[in-house]
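Take a look at the structure below.
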There are 2 protein chains.
Amino acid sequence: MRTVEIIRKKRDGKELTSAEIHRLITNYCAGCIPDYQMAAFCAAVYFRGMNSSETLELTRAMASSGHGVDLRLVDGPVADKHSTGGVGDTTTLVVAPLVAAAGVPVAKMSGGALGHTGGTIDKLRAIDGLQTSLTAEQLASAVRKTGLAIAAQTEGLVPADEKLYRLRHATATVESPALIASSIMSKKLAGGADVLLLDVKTGGGALLTDHCRSVRLAELMVDIAAGAGLRAKAVISDMSQPLGRAVGNSLEVAEAIATLSGEGPPDLQKLSVHLAGCMLSLAGAADDGRAGRRKIDRLLHGGHGLQKFAEFVENQGGNPAIAENPSLLCTAEKRMAVRSPDGGYIASVNARTIGESAAALARRGGGQLDLSAAIVLSARVGDRMQRGQRLATLHFNQPLLADPGEIRRRVGSAFVIGDEPADPPPLIHNILGPQANN
Amino acid sequence: MRTVEIIRKKRDGKELTSAEIHRLITNYCAGCIPDYQMAAFCAAVYFRGMNSSETLELTRAMASSGHGVDLRLVDGPVADKHSTGGVGDTTTLVVAPLVAAAGVPVAKMSGGALGHTGGTIDKLRAIDGLQTSLTAEQLASAVRKTGLAIAAQTEGLVPADEKLYRLRHATATVESPALIASSIMSKKLAGGADVLLLDVKTGGGALLTDHCRSVRLAELMVDIAAGAGLRAKAVISDMSQPLGRAVGNSLEVAEAIATLSGEGPPDLQKLSVHLAGCMLSLAGAADDGRAGRRKIDRLLHGGHGLQKFAEFVENQGGNPAIAENPSLLCTAEKRMAVRSPDGGYIASVNARTIGESAAALARRGGGQLDLSAAIVLSARVGDRMQRGQRLATLHFNQPLLADPGEIRRRVGSAFVIGDEPADPPPLIHNILGPQANN
């Protein structure tokens with residue numbers, strides 16, 4: 001079948017065969033299918049979607065386009081986690097050490113920041129000396145040594161995804177559940193873990209703002225995992241307001257350390273414990289999610305997660321003293337308060353605006369990032385505010401590319417203040433996967 | 001606005017501004033927008049459509065990408081006609097001479113054959129010596145001399161359309177009313193005529209098989225014409241079965257000559273008279289369509305259309321004697337009958353299958369075309385057939401790339417024979433434009 005006929009078939013909403021999907025990806029990677037045909041194919045998938053078996057085949061075709069990570073020498077099932085990206089989403093730096101502290105090895109590869117959402121690799125760059133550019137072999141060996149390694153996604157891990165990702169960004173075909181699911185899951189399959197916890201964010205600050213599309217994405221990923229023999233669960237968690245208090249690389253690391261010390265923001269701690277408990281249950285290190293959460297709670301309050309975090313930092317070349325003394329992390333010189341223009345109740349906090357504003361504070365000339373720039377929130381949905389009370393604080397260094405007064409105005413506009421008390425959104429909306437409710 | 005944002009805006013179903021559309025086309029022609037972004041844009045338009053004002057702006061942007069034809073030195077309003085393409089659609093060769101014989105100059109540029117539908121230029125190539133490769137100046141001068149010229153679309157007339165057309169074919173984004181309308185109308189605007197009759201085919205043998213999409217296409221084109229100051233009407237005519245009896249270049253020319261002699265198939269004659277009458281009315285050479293048809297009828301039966309056809313052939317370098325002696329046209333050596341397997345009534349004749357089969361009979365090595373190859377139909381919807389009675393005749397030359405027995409089988413399968421009498425489809429479904437029903 002000619003490429004144009006495969007595009008037409010999907011355009012007309014028909015199901016593609018496994019052979020058609022594999023041919024498409026293989027030939028695209030080989031340079032035999034031009035970008036313009038692949039762009040039209042991605043647009044057809046954007047509008048028509050793909051069912052679970054098509055998405056599984058697309059994922060498999062992409063995963064096999066490169067060389068995966070071999071974790072077979074690591075003892076026991078290896079766990080991985082993935083967040084679809086949020087604002088102030090520091091869970092990885094809390095969850096991964098806790099799971100590793102429970103004896104379940106964690107091998108995680110992360111991408112960079114994506115639009116208004118942060119990226120774990122940028123956060124880790126705030127730790128002086130810490131190396132995230134590991135080869136597949138270095139990653140496996142780091143996991144064998146301390147039970148936890150986090151690395152930047154290696155070039156060439158999934159070449160099909162790298163090529164498609166750039167194309168989708170240039171052609172407004174990013175926000176497709178099938179394309180997002182296959183992009184994420186191809187990297188997860190290539191990453192070599194046995195167990196996978198998916199944190200699918202939903203709400204204004206998420207990649208997919210619409211709840212139905214978030215659920216669809218979660219379903220597709222859980223189905224792909226099942227088809228590919230990977231034990232997985234998906235937690236659909238709230239991203240209508242930022243998670244935790246800090247939004248910005250260095251201060252998010254500090255917040256993760258605080259959380260591992262039992263002193264973090266309640267929402268970040270609660271979600272992290274939930275995710276980590278799920279991972280233990282998936283890995284067979286707890287009977288169910290509830291038992292997993294109890295175990296994680298004990299590890300957290302016993303300081304074992306923080307200790308594992310320090311081991312991880314040291315193992316990857318950073319200074320482990322930051323675990324005890326987060327003030328060793330870089331900080332910004334300037335502070336600017338954002339104050340409430342009225343009294344009342346916080347009805348909503350626009351996570352996307354906060355994420356974009358934090359990115360604007362961090363942006364430096366030449367595409368550089370000021371890792372110490374951040375926004376720290378003092379108010380969350382449901383909080384009662386007095387007029388003039390602090391909503392947030394901007395942390396930044398001069399000179400700034402953007403106008404800090406303008407950013408203060410934007411951050412202020414992210415808070416909607418009403419007369420009536422508002423209920424905070426639930427932290428977790430749905431859980432999908434085998435024995436989803438345990 | 002960046003290109004990806006224009007794509008996203010259309011992808012999300014929003015209306016684009018004139019400036020966005022013009023920027024897109026100008027930058028695409030200048031090579032500043034890559035094919036993959038334009039492919040994603042075309043796919044977004046395929047799925048989301050464009051309203052009349054967006055389509056007008058797209059048409060204008062495309063029309064102004066090249067150098068148009070200057071017909072200002074031709075006396076009176078110049079008429080043009082366009083068919084969206086059908087099987088056995090020989091109307092241009094009947095209509096254009098009749099309109100010119102009524103004193104309304106006709107300047108027509110045509111494309112080549114398109115898929116299973118024939119093209120006027122290929123038909124004219126069946127006339128020995130006739131030149132259709134005219135420059136814009138030669139076209140204008142030929143019209144001035146005999147009141148009628150038909151030329152192949154000149155290279156560079158609408159560069160944006162040439163570039164987009166190739167891209168759409170490779171990306172399954174052809175069948176979009178907005179993209180088809182802008183492609184056709186940009187060439188018509190650049191073609192310089194004042195009056196335009198659009199013959200929009202609908203049914204299985206048409207480019208747009210769906211009636212609603214055909215009506216949408218006709219509406220868009222009439223609106224574009226109105227917005228661009230071109231007097232236009234659209235006739236939505238039936239293409240569920242082939243038009244006339246002959247399907248194939250040389251025999252279609254012979255059929256046009258027979259029709260101009262008053263001896264053509266009734267459907268071809270009736271549609272041609274209708275279209276030509278419309279054109280006279282649009283050009284102000286008749287009070288309304290009815291008066292136009294009466295005038296055309298007189299010209300046809302007085303032999304004036306045939307005489308104008310002969311003048312046209314001579315003016316463009318062909319032998320005018322073919323008008324009196326069509327046997328001078330090339331003919332195929334072989335004949336093969338397709339016979340009815342059963343007695344009954346013809347319920348339908350699949351125009352697309354007939355068109356594809358005729359194209360298969362004409363296909364020669366090296367992309368060459370056997371202009372004498374044809375299928376001549378002996379039966380139409382509603383006809384009563386005896387078992388073994390002739391349905392059609394294949395005309396072809398050996399050696400054939402395809403197997404003639406297989407083509408005979410396919411042509412036979414195009415005829416559906418039922419037990420009950422079937423009503424022939426209406427020749428004209430709708431008429432759109434100013435005073436559409438006159």
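Throughout, a chain's letter reflects where its sequence line sits, starting with A, and its residues are numbered from 1.
- The distance from atom CZ of A/Arg168 to atom OH of B/Tyr36, rounded to the nearest 0.5 Å, is 14.5 Å.
- With a 4.5 Å cut-off on non-hydrogen atoms, A/Phe41 does not touch chain B at all.
- Between chain B and the options A/Ala39, A/Ala40, A/Ala170, the largest number of non-hydrogen pairs under 4.5 Å is found for A/Ala170.
- Interface remark: A/Arg48 contributes side-chain atoms only to the contact with chain B (heavy atom separation under 4.5 Å).
- Distance check, rounded to the nearest 0.5 Å: CD of B/Glu175 to CZ of A/Arg11 gives 4.5 Å.
- The shortest heavy-atom contact between A/Ile7 and B/Thr171 is CG2-O, 3.5 Å.
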